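Down below is the structure, laid out as structure tokens.
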Amino acid sequence: MEKKNIREVSPEEMAAFLSVNGEKVFRAKQIEEWIWQKGVQDFEEMTNLPKSSRELLKATYYFDKLLPDCIQTASDGTTKTAWLLNDGNRIESVLIPGNEKYTVCVSSQAGCQLGCRFCATGTLGFKRNLTVGEIVDQVFHARKEAECSSSSLSNIVFMGMGEPLLNYDHVLSAIQRITSEKGLGMSPSRITVSTAGIPAKIRQLADDRVRFNLAVSLHSAKENVRSQLMPVNRAYPLAELAASLIYFVEKTGTRPTFEYLLLHHINDSLEDARALADYCKQFPVKINIIEYNPVEGSEFRHSPDKQRDAFVQFLENRNMVVHIRKSKGKDIDAACGQLANKRKD
Ligand code: SF4
């Protein structure tokens, strides 16, 4: 009999399975706690189950584990881990130290189909969606790492490999596990999901009344520039994206964030700032300006500090909320848009 992924088994299915096999049904709750609260990945660690139950589980189910493949630590303490998945695909997550606490940047897909021009992951193409277990495991591992440094994990951002909203069900189920009292019990306000801008899915988030933060990779408020940087804009132009954000704000009462990677001579002029300010008039929004890390062989250039300051000043003069995000992990390619496992062998 082919084994099943235990993290894809509902509590009801588990209870039925235990009952059919003459085991106590209340053990389903214990198993659930071991998996989603304590994060164990080995049936032997479920120490309050009798040996017979553990053997039965082992014979029927498996864990879709992440195996650390390569770990790199940057001079600023940022750690990038490349994980090997059960089927040989690879993903990455990044643990970023902050003021006393840590943020983890997690992947939602192996590869990505959206092909943003500034993004290394986009060049890999799409492999597959991650399972709920594979997403939550990145968080479990990050939490353990933070605790090893006598700290804690405070924030989770879905800004690693993949477009989270194209793996909608698994990402939302993972967040449900992360925020549930029966899971990791983290606050949804500590979670940010970042999308390239899929309007139908943004509306779905609004209808689902999500309580986590939404970030949109905008990178330009000019149609032609955005389409060149992000091919997804050809399918879902700026007006359609704006309409979905208006709907999102109306339904959830929360203000999304725009991520704006500043690229010299591409989107960093005052004219670009004006287009951005005009676009943002339609809904309340915060703006994160992200500085580009020049990568070897890249067609893009870092925007000079003077240009960046003028850009930000222009927006602030229009009363916009703007933060400049310094990239972390520069020396290990762990910064935004640079996740792509280089060991593809
Ligand atoms: Fe995909 Fe995000 Fe990279 Fe765009 S930036 S190609 S959406 S991983």
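In listed order, ligands and their atoms are each counted from 1. Computed from a prediction, not measured in an experiment: that's the story for all the values here.
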Which ligand 1 atoms, with their elements, are less than 4.0 angstrom from a heavy-atom of Cys112?
1 (Fe), 6 (S), 7 (S), 8 (S)
Which of the atoms of ligand 1 are close to Gly115, meaning less than 4.0 Å from one of its heavy atoms?
6 (S)
Between Arg318 and Asp278, is there a side-chain N and carboxylate O pair less than 4.0 Å apart?
yes
Determine whether the aromatic ring centres of residues Phe283 and Phe248 are separated by less than 6.0 angstrom.
no
Ser269 versus Asp272, side-chain donor and acceptor atoms under 3.5 Å
yes
Is there an N/O/S atom in Cys119 that lies less than 2.8 Å from atom 3 (Fe) of ligand 1?
yes
Do Arg203 and Glu240 meet the salt-bridge criterion of a basic N to acidic O distance under 4.0 Å?
no
Mark up the atoms of ligand 1 that fall under 4.0 Å of a heavy atom belonging to Gly162, in ascending order.
8 (S)
Indicate whether any N or O donor in one side chain lies under 3.5 Å from an N or O acceptor in the other, for Ser149 and Ser151.
no
Test of understanding: given a 4.0 Å heavy-atom threshold, classify the contact between Cys116 and ligand 1 as side chain, backbone, both, or neither.
both
